[in-house]
Amino acid sequence: DSGVFTDVSAGEHIITARDINGCGIGVTQVLVIDYPKFFTPNGDGYHDTWNIVGATTLAGARIYIYDRFGKLLKQLSPQGEGWNGTYNGELMPSSDYWFSIYYNEPGDNSKKEFRAHFTLKR
């Protein structure tokens with residue numbers, strides 16, 4: 001009854017709702033963007049790179065990673081391996097990093113931006 005969905009996978013989803021009084025059905029398409037909240041690039045094979053989950057399905061997606069001062073560190077391709085926690089060949093320190101993803105909204109192809117942050121742990 002709350003209208004809240006949990007444990008929804010990343011990607012496009014179609015939501016269909018029926019009015020409890022039988023007055024009609026509503027259908028809408030939504031996009032769920034997911035990303036790792038942290039990564040640990042230590043070479044152990046677990047969480048060694050960071051990328052946005054499911055971004056390969058987004059037309060025209062571009063991902064940018066910034067440090068806490070807003071300096072651009074990396075531009076990622078959604079189809080690539082992701083960011084390994086380096087800048088100009090140097091290891092970046094444990095800290096929070098910010099990202100922006102620009103993409104075309106599925107369905108109407110309007111331009112969208114999503115921003116958030118994640119943690120690099122060493």
Side-chain angles (χ1 to χ4, degrees):
D1 290 27
S2 68
V4 175
F5 298 89
T6 59
D7 298 323
V8 178
S9 62
E12 296 177 47
H13 298 275
I14 296 175
I15 298 174
T16 304
R18 180 178 45 85
D19 182 275
I20 61 172
N21 297 317
C23 294
I25 294 177
V27 178
T28 189
Q29 184 176 3
V30 298
L31 175 66
V32 176
I33 295 177
D34 196 12
Y35 60 93
K37 306 304 186 259
F38 70 93
F39 80 118
T40 57
N42 58 10
D44 67 355
Y46 299 99
H47 310 292
D48 285 333
T49 59
W50 185 93
N51 209 342
I52 295 180
V53 178
T56 57
T57 64
L58 300 175
R62 299 175 326 277
I63 303 166
Y64 300 93
I65 298 175
Y66 306 90
D67 68 9
R68 66 184 180 157
F69 303 107
K71 179 179 180 178
L72 177 64
L73 301 176
K74 184 74 174 176
Q75 178 179 349
L76 297 178
S77 165
Q79 292 79 19
E81 294 184 18
W83 186 45
N84 64 3
T86 63
Y87 177 70
N88 287 337
E90 298 293 322
L91 297 178
M92 295 302 292
S94 292
S95 187
D96 279 358
Y97 292 86
W98 283 257
F99 71 91
S100 296
I101 178 170
Y102 299 89
Y103 62 95
N104 297 330
E105 182 75 28
D108 68 7
N109 211 31
S110 61
K111 296 190 182 304
K112 299 289 184 170
E113 177 186 12
F114 177 78
R115 296 179 186 190
H117 65 92
F118 61 92
T119 301
L120 183 159
K121 295 181 180 182
R122 293 243 181 241

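Just so you know, these numbers come straight off a predicted model, no measurement behind them.
Cluster annotation: Tyr103 is not connected to Tyr66 through the hydrophobic network of ILVMFWY side chains, with a link wherever side-chain heavy atoms come within less than 4.5 Å. Clustering ILVMFWY residues whenever any of their side-chain heavy atoms sit less than 4.5 angstrom apart, transitively, puts Val30 in the very cluster that holds Val8.
Through direct or indirect side-chain contacts shorter than 4.5 Å among Ile, Leu, Val, Met, Phe, Trp and Tyr, Leu91 is connected to no other residue.
The line from CG of Leu58 to CG of Leu31 is 5.5 Å long, rounded to the nearest 0.5 Å. Annotation: the span from Ile63 atom CD1 to Ile101 atom CD1 amounts to 4.5 Å, rounded to 0.5 Å. The CH2 atom of Trp50 lies 4.5 Å from the CZ atom of Phe99; values are rounded to the nearest 0.5 Å.
Applying the ring-ring contact (aromatic ring centres under 6.0 Å, His included) test to every pair with at least one member in residues 7-33, sequence neighbours left out, gives no pairs at all.
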Which pairs of donor and acceptor atoms, one on a side chain in residues 112-121, lie under 3.5 Å apart (sequence neighbours left out)?
| residue | atom | partner | partner atom | Å |
| --- | --- | --- | --- | --- |
| Glu113 | OE2 | Tyr102 | OH | 3.1 |
| Glu113 | OE2 | Arg115 | NE | 2.5 |
| Glu113 | OE2 | Arg115 | NH2 | 3.0 |
| Thr119 | OG1 | Asp96 | OD1 | 2.6 |

Extract all donor-acceptor atom pairs below 3.5 Å that involve side chains of residues 69-77 and protein atoms in other chains or at least two apart in sequence.
| residue | atom | partner | partner atom | Å |
| --- | --- | --- | --- | --- |
| Ser77 | OG | Gln79 | N | 3.2 |
| Ser77 | OG | Gln79 | OE1 | 3.0 |

Quiz: residues 15-29 side-chain donor-acceptor pairs under 3.5 angstrom, not counting sequence neighbours:
| residue | atom | partner | partner atom | Å |
| --- | --- | --- | --- | --- |
| Asp19 | OD1 | Asn21 | N | 2.7 |
| Asp19 | OD1 | Gly22 | N | 3.4 |
| Gln29 | NE2 | Glu12 | OE1 | 2.5 |

Would you tabulate the side-chain donor-acceptor contacts of residues 37-46 under 3.5 Å, counting partners in other chains and residues two or more places apart, or write 'none'?
| residue | atom | partner | partner atom | Å |
| --- | --- | --- | --- | --- |
| Lys37 | NZ | Tyr35 | O | 3.3 |
| Thr40 | OG1 | Tyr46 | O | 3.4 |
| Asn42 | OD1 | Asp44 | N | 3.2 |
| Asp44 | OD1 | Tyr46 | N | 2.9 |

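The side-chain hydrogen bond (donor to acceptor under 3.5 Å, both in side chains) check on Arg62 picks up Tyr64, with sequence neighbours excluded. The side-chain contact (heavy atoms from CB on, under 4.5 Å) search around Asp108 returns Glu105, Ser110, not counting sequence neighbours. Asn104 is linked by a side-chain hydrogen bond (donor to acceptor under 3.5 Å, both in side chains) to nothing, counting only residues two or more places apart in sequence or in another chain. In terms of the side-chain hydrogen bond (donor to acceptor under 3.5 Å, both in side chains) criterion, Ser100 has no residue partners (sequence neighbours excluded).
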